Peer 1: 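Below are the structure tokens for one structure; questions will follow.
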2 protein chains.
Amino acid sequence: MYLCTMYSSELIKGTLKTIILNLLKEQGRMYGYEITQRVKELTNSKIQITEGALYPTLHSLEKNGELSTEKEYIGKRVRKYYTLTKQGHNTSKERVNEFADFVNTMRFLLNIETKMNNV
Amino acid sequence: MYLCTMYSSELIKGTLKTIILNLLKEQGRMYGYEITQRVKELTNSKIQITEGALYPTLHSLEKNGELSTEKEYIGKRVRKYYTLTKQGHNTSKERVNEFADFVNTMRFLLNIETKMNNV
DNA sequence: AATAAATACATAAGTATTTTATGTATAATG
DNA sequence: CATTATACATAAAATACTTATGTATTTATT
């Protein structure tokens with residue numbers, strides 16, 4: 001067991017929506033807290049989404065028609081499940097493609113070799 | 001000749017310093033305007049650094065001890081050349097490594113295949 | 001010769017996204 | 001019984017960028 005250093009907060013900026021949209025595309029429906037935990041797991045704690053960033057982003061995506069919600073009660077505690085709308089599916093694909101393209105451009109620009117020693 | 005769509009401005013956020021530091025590591029010394037043109041060339045216009053973003057960033061990097069400057073006159077017009085300090089060299093490496101790591105994490109998270117149809 | 005475009009710097013106002021902080025409340029654990 | 005984890009939310013502050021504006025010289029176009 002070793003300590004993972006998180007990325008400097010600047011790097012993650014601008015990728016939050018992409019991460020959320022892609023996760024929802026793959027996992028179907030999820031609730032906010034679940035998203036933070038899943039991302040933490042999948043990235044070995046290298047990316048940790050704060051709640052202050054997450055919830056406003058989810059609200060914004062919903063307002064924009066990318067996500068729809070349904071509330072569910074687990075005992076007395078409420079959960080808000082998010083699902084991609086049809087538009088959200090398209091946006092998800094677009095965002096991931098754009099990021100993939102961006103990464104290629106940056107790899108070229110920064111002369112980064114393809115490293116496979118991942119996560 | 002075809003039109004290139006730029007990336008949504010969110011994506012580039014947080015990578016500007018990395019790009020500048022890496023370019024200076026590879027090219028030796030450069031002046032501001034030159035940096036914008038070089039990045040535009042190298043990325044086929046996909047990344048265009050605006051002056052409003054560039055100059056404050058350069059000033060900040062200089063203030064932080066990453067860059068040193070020397071003025072030069074081309075005719076009556078001034079140019080401000082930037083060079084990496086020793087500290088700047090280290091920071092440059094760190095930043096590029098961090099970005100490479102981040103990209104690997106993101107590729108895993110987003111299930112992106114290694115695409116080689118670059119730039 | 002006059003005008004436009006490119007070169008070269010700079011800064012300020014506005015916007016967007018995120019961090020940090022705070023708040024509320026329930027459920028599980030030790 | 002107290003702490004930790006779960007689960008939502010929002011507001012203030014910080015950060016990084018876009019857009020707009022300003023100055024001035026040099027080169028290209030008409």
Side-chain angles (χ1 to χ4, degrees), chain A residues 5-21 29-41 45-64 66-67 69-82 95 98-99 102, chain B residues 5-21 29-41 45-64 66-67 69-82 95 98-99 102:
Chain A
T5 43
M6 280 179 62
Y7 301 117
S8 66
S9 64
E10 285 157 301
L11 269 187
I12 293 138
K13 273 183 190 173
T15 58
L16 184 53
K17 279 182 186 167
T18 308
I19 291 172
I20 292 172
L21 290 168
R29 59 176 221 154
M30 296 180 89
Y31 56 98
Y33 186 76
E34 191 185 6
I35 293 174
T36 64
Q37 299 308 301
R38 193 93 190 89
V39 169
K40 195 181 170 188
E41 266 175 47
S45 295
K46 284 181 175 180
I47 298 179
Q48 292 184 43
I49 303 175
T50 61
E51 294 175 298
L54 177 74
Y55 292 113
T57 302
L58 285 172
H59 300 163
S60 146
L61 287 169
E62 187 189 1
K63 196 180 166 189
N64 227 280
E66 316 284 0
L67 305 181
T69 59
E70 14 172 9
K71 283 185 184 175
E72 212 166 276
Y73 280 86
I74 309 297
K76 283 183 182 178
R77 194 159 56 190
V78 76
R79 264 186 201 165
K80 219 167 144 186
Y81 276 95
Y82 290 89
R95 288 276 193 159
E98 193 193 20
F99 186 80
F102 174 66
Chain B
T5 44
M6 280 179 61
Y7 300 118
S8 65
S9 64
E10 287 157 300
L11 269 187
I12 292 137
K13 273 183 189 173
T15 59
L16 184 53
K17 281 182 185 166
T18 308
I19 291 172
I20 293 172
L21 290 168
R29 59 174 221 156
M30 299 179 87
Y31 56 98
Y33 187 75
E34 192 185 8
I35 293 175
T36 64
Q37 299 308 302
R38 193 94 191 88
V39 169
K40 196 180 168 187
E41 268 175 47
S45 295
K46 285 181 174 181
I47 298 179
Q48 293 185 44
I49 302 175
T50 61
E51 294 174 299
L54 177 75
Y55 292 113
T57 302
L58 285 172
H59 300 163
S60 146
L61 286 170
E62 187 189 1
K63 197 180 167 191
N64 227 277
E66 316 284 1
L67 305 180
T69 60
E70 14 173 10
K71 282 186 185 176
E72 212 166 274
Y73 280 85
I74 309 298
K76 283 182 182 179
R77 195 159 55 190
V78 74
R79 264 188 201 164
K80 219 167 145 184
Y81 276 96
Y82 290 89
R95 288 275 192 160
E98 193 192 20
F99 186 80
F102 174 66

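To find a chain, count down the sequence lines: A is the first, B the second, and so on, and within it residues start at 1. Not measured: the values here are computed from a predicted model.
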Peer 1: Looking for any heavy atom pair under 4.0 Å, which part of the strands does A/Gly52 touch: base, sugar-phosphate only, or nothing?
Peer 2: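 Contact class for A/Gly52: base.
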
Peer 1: The side chain of A/Tyr31 is closest to which nucleotide in this list: C/dT19, D/dC8, D/dC17?
Peer 2: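 The closest nucleotide is D/dC8.
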
Peer 1: With the side chain of A/Thr50 defined as its heavy atoms from C-beta on, choose the nearest nucleotide among D/dC8, C/dC9, C/dT20.
Peer 2: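 Nearest to the side chain of A/Thr50 among the choices is C/dT20.
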
Peer 1: What is the minimum heavy-atom distance between A/Leu67 and A/Glu62, and which atoms define it?
Peer 2: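 Nearest pair, atom of A/Leu67 first, then A/Glu62: O-CG, 3.5 Å.
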
Peer 1: Please determine if a side-chain N or O atom of B/Tyr55 lies less than 4.0 Å away from the OP1 or OP2 oxygen of C/dA10.
Peer 2: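 Checking B/Tyr55 against C/dA10: no side-chain N or O falls below 4.0 Å of OP1 or OP2.
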
Peer 1: If I take atom CZ in residue A/Arg79 and atom P in nucleotide C/dA25, what distance separates them, rounded to the nearest angstrom?
Peer 2: 20 Å

Peer 1: Does OP1 or OP2 of C/dT18 have a side-chain N or O of B/Lys13 closer than 4.0 Å?
Peer 2: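 For B/Lys13, the contact criterion (side-chain N or O under 4.0 Å from OP1 or OP2 of C/dT18) is not met.
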
Peer 1: Would you call A/Glu72 and A/Arg29 a salt bridge, using N to O less than 4.0 angstrom?
Peer 2: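 Judged by the 4.0 Å cut-off on N to carboxylate O distance, A/Glu72 and A/Arg29 do form a salt bridge.
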
Peer 1: How long is the line joining OH of A/Tyr81 and C1' of D/dC8, in whole Å?
Peer 2: 14 Å

Peer 1: Under 4.0 Å from OP1 or OP2 of D/dC8: is there any side-chain N or O of A/His59 that close?
Peer 2: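 A/His59 to D/dC8 OP1/OP2: no side-chain N or O under 4.0 Å.
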
Peer 1: Round to the nearest Å and state the distance from A/Ile49 atom CD1 to D/dC8 atom P.
Peer 2: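 About 13 Å, once rounded to whole Å.
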
Peer 1: Under a 4.0 Å threshold between the charged nitrogen and the carboxylate oxygen, would B/Glu41 count as salt-bridged to B/Arg38?
Peer 2: yes

Peer 1: Identify whether any heavy atom of B/Glu34 sits under 4.0 Å from a base atom; if not, whether one sits that close to sugar-phosphate; answer base, sugar-phosphate or nothing.
Peer 2: nothing

Peer 1: Can you find a side chain N or O atom of A/Lys80 that sits less than 4.0 Å from OP1 or OP2 on D/dA9?
Peer 2: yes

Peer 1: Both A/Leu54 and A/Ile74 contact DNA chain C. Which one's nearest nucleotide lies toward the 5' end?
Peer 2: A/Leu54

Peer 1: Is there a side-chain contact between A/Phe99 and A/Thr15 (heavy atoms, below 4.5 Å)?
Peer 2: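 SC-SC contact between A/Phe99 and A/Thr15 confirmed.
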
Peer 1: Return the nearest nucleotide to the side chain of B/Arg77; candidates are D/dA9, D/dC17, C/dA6.
Peer 2: C/dA6

Peer 1: Taking for each residue the nucleotide of DNA chain C bearing the nearest heavy atom, is the 5' side occupied by B/Pro56 or by A/Lys76?
Peer 2: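 The residue closer to the strand's 5' end, by nearest nucleotide, is B/Pro56.
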
Peer 1: Which part of the nucleic acid does B/Gly32 contact within heavy-atom distance under 4.0 Å: base, sugar-phosphate only, or nothing?
Peer 2: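 Sugar-phosphate, backbone atoms only, no base.
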
Peer 1: Measure the distance from CG on B/Leu11 to P on C/dT17 and round it to the nearest whole Å.
Peer 2: 12 Å

Peer 1: Counting the atoms with a prime plus P, OP1 and OP2 as sugar-phosphate, which does A/Lys71 contact under 4.0 Å by heavy atoms, base, sugar-phosphate, or nothing?
Peer 2: nothing

Peer 1: Taking only side-chain N and O atoms of B/Tyr33, does any of them lie within less than 4.0 angstrom of OP1 or OP2 on C/dC9?
Peer 2: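 No, B/Tyr33 has no side-chain N/O under 4.0 Å of OP1/OP2 on C/dC9.
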
Peer 1: Expressed as a whole number of angstroms, how long is the span from B/Asn64:CG to D/dA16:C1'?
Peer 2: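 In whole Å, D/dA16 C1' and B/Asn64 CG are 15 Å from each other.
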
Peer 1: Rounded to whole angstrom units, what separation is found between the CD atom of B/Glu51 and the C1' atom of D/dT23?
Peer 2: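 One finds 12 Å between C1' of D/dT23 and CD of B/Glu51, rounded.
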
Peer 1: Do you see a donor-acceptor pair shorter than 3.5 Å between the side chains of A/Thr36 and A/Gln48?
Peer 2: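 Per modelled atom types, A/Thr36 and A/Gln48 side chains form no pair under 3.5 Å.
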
Peer 1: When the distance from CD of B/Glu41 to P of C/dA6 is rounded to whole Å, what number comes out?
Peer 2: 15 Å

Peer 1: Rounded off to whole Å, could you give me the CG-to-C1' distance for the B/Leu16 and D/dT18 pair?
Peer 2: 12 Å

Peer 1: B/Lys17 versus B/Ser60: any side-chain heavy-atom pair under 4.5 Å?
Peer 2: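 The answer is yes; the side chains approach within 4.5 Å.
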
